[in-house]
Protein chains: 2
Amino acid sequence: MSFPPRYRTPRARSRVEAAGAESRAKAVRAAIELFSTAGYRGTSIALVAEKADLSQSGLLHHFPNKAALLAAVLEHREAEDGRFLAGTDDRPPLGWAAFDALTSLVARNSTRPELVGLFVRLSAEATESGHPAHAWLLDHYTSTRNWLTDAIRDGQQRGEIHPDAPVAVLVRLTIATLDGLQQQWLLDTGGTDMVADFTTFVSGLRTQWDVK
Amino acid sequence: MSFPPRYRTPRARSRVEAAGAESRAKAVRAAIELFSTAGYRGTSIALVAEKADLSQSGLLHHFPNKAALLAAVLEHREAEDGRFLAGTDDRPPLGWAAFDALTSLVARNSTRPELVGLFVRLSAEATESGHPAHAWLLDHYTSTRNWLTDAIRDGQQRGEIHPDAPVAVLVRLTIATLDGLQQQWLLDTGGTDMVADFTTFVSGLRTQWDVK
DNA sequence: GTCTATATTTTGATAGAC
DNA sequence: GTCTATCAAAATATAGAC
């Protein structure tokens with residue numbers, strides 16, 4: 001984990017605590033909205049506070065500083081993702097099914113421009129090694145890459161994906177496609193269909209590396 | 001053009017003008033370096049000035065404001081690109097040759113992390129409609145898309161690329177791949193080989209859509 | 001063309017009352 | 001938990017001397 005959890009594990013709350021938690025959650029939502037359009041650097045905590053109907057100090061009561069707010073945002077995002085890719089089952093999708101799961105993820109993302117914006121902007125910002133989300137970003141890419149690598153390898157072992165498929169390259173290309181499509185989708189005035197495009201990409205992979 | 005040119009067209013300069021132009025160019029170079037790591041929003045003009053061995057006001061003598069500095073940076077980038085994709089010939093590469101030209105571009109980029117960083121960061125920042133580089137970014141994507149679209153269509157007409165190839169989708173996927181690989185390349189500690197990955201992508205396209 | 005000095009705003013953060 | 005008041009630092013920009 002790149003950021004230590006600042007939420008306590010859920011438990012029964014007194015009424016006062018519940019009110020506080022609500023403000024906090026409101027602040028996180030506001031931060032997501034603003035970070036996703038102006039980025040982390042581009043949004044002031046004052047603006048987040050305003051959007052959350054709090055004073056600046058009221059906001060800073062919940063987070064020691066701006067970086068902590070970002071940490072909470074990232075945490076929330078991961079939680080909302082809720083291990084989406086793990087599938088509704090307990091078992092993660094493997095082989096080509098992993099690509100289907102990714103397609104579902106794209107479909108879901110295309111209804112959530114805020115989350116896409118958040119990710120695209122933070123990904124670019126946090127490439128810098130000093131950025132407060134740098135560790136998170138590294139972790140995100142590493143785990144995504146590992147997950148997809150394992151899925152493809154499993155497909156090869158089960159004779160579903162061709163053994164000659166260059167796994168590492170395909171993993172990087174797939175992730176690149178996902179990221180790049182999001183970038184274009186954000187920029188476009190609604191013209192591009194991420195799902196259709198990614199589907200085409202996947203079917204290209206299949207025609208080349210499917211064992212049939 | 002999204003930004004009006006602020007450089008005059010080259011001509012003979014007096015010695016005083018030459019000194020001024022040198023400071024200006026130095027500032028642009030410094031700005032590129034800083035924008036490419038911390039982004040536009042993340043770098044102050046004071047820092048750019050320092051890196052260019054100028055006072056802040058000395059820098060602002062050449063550019064009315066920060067946005068103008070950014071405009072000069074973008075202009076410089078386009079100039080340095082020097083219509084790289086147009087090829088060394090007078091004629092732009094068409095059909096599969098366009099993808100070879102893109103591969104060359106990737107190879108060139110992989111020796112210039114500053115330019116890649118600049119583009120990746122600005123692309124993400126400038127997705128926002130209020131950003132000073134927003135128009136530039138739109139223009140950049142539009143012209144790239146048009147160029148590649150025309151190249152593929154030409155390949156189809158000459159019987160080099162399969163007529164059933166979904167041109168618009170391939171264009172978006174190719175651009176997405178380029179952008180996404182740059183993102184990963186920036187993040188990585190030197191592990192990924194953009195050129196090799198993109199080459200694999202292109203050969204995938206060829207095996208699927210080449211007319212042979 | 002370049003500098004020093006300064007004005008103005010914005011930002012992140014703290015202190016302390018309620 | 002939330003607010004008002006306040007601070008110190010940083011950032012953009014301008015004025016005017018040289």
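Letters go in sequence order (proteins before strands), and every chain restarts at 1. Computed from a predicted model, the values in this text were never measured in an experiment.
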Rounded to whole Å, the CG-P distance (A:N65 to D:dC7) equals 22 Å
B:Q56 CD to C:dT8 P: how many Å, rounded? 16 Å
Would you mind reading off the distance between A:D53 atom CG and D:dC3 atom P, rounded to a whole angstrom? 9 Å
Does the pair A:E33 and A:K51 meet the rule for a salt bridge (charged side-chain N to carboxylate O under 4.0 Å, His left out), with working shown? CA-CA 9 Å; A:E33 243 181 277; A:K51 190 152 205 140; 3.3 Å; yes
Whole angstrom is fine here: how far is it from NZ in B:K66 over to P in D:dA13? 8 Å
Pair B:D179 + B:R121, salt bridge at N-O below 4.0 Å: no
d(NE2, A:H61; P, C:dC18) in whole Å: 18 Å
Return yes if the base of C:dT2 and the side-chain atoms of B:S23 contain a donor-acceptor N/O pair under 3.5 Å, otherwise no. no
Tell me what B:L59 touches on the nucleic acid: a base, only sugar-phosphate, or nothing, going by heavy atoms under 4.0 Å. nothing
Of the candidate nucleotides D:dT14, D:dT12, C:dG12, which contains the atom at the shortest distance from the side chain of A:S44? C:dG12
As a test of reading the structure: which of D:dT12, C:dC3, C:dT14 is closest to the side chain of B:I45, going by heavy atoms? D:dT12
Does B:S55 reach a base, just sugar-phosphate, or nothing at all? Heavy atoms under 4.0 Å. base
Pair of N/O donor and acceptor under 3.5 Å linking D:dA5 base with A:S57 side chain: yes
Given atom CG of B:L60 and atom P of C:dT2, what is their separation to the nearest angstrom? 12 Å
Let me know the distance between OH of A:Y40 and C1' of C:dG12, rounded to the nearest Å. 10 Å
N-O pairing of B:E128 and B:R41 below 4.0 Å: yes
Looking at A:D100 and A:R206, is there a salt bridge between them, counting it only when a charged N and a carboxylate O are closer than 4.0 Å? yes
Atom CZ of A:R41 and atom C1' of C:dG12 are separated, to the nearest Å, by 14 Å
Ignoring hydrogens and angles, state whether a donor on the side chain of B:N146 or B:Y141 is under 3.5 Å from an acceptor on the partner side chain. no
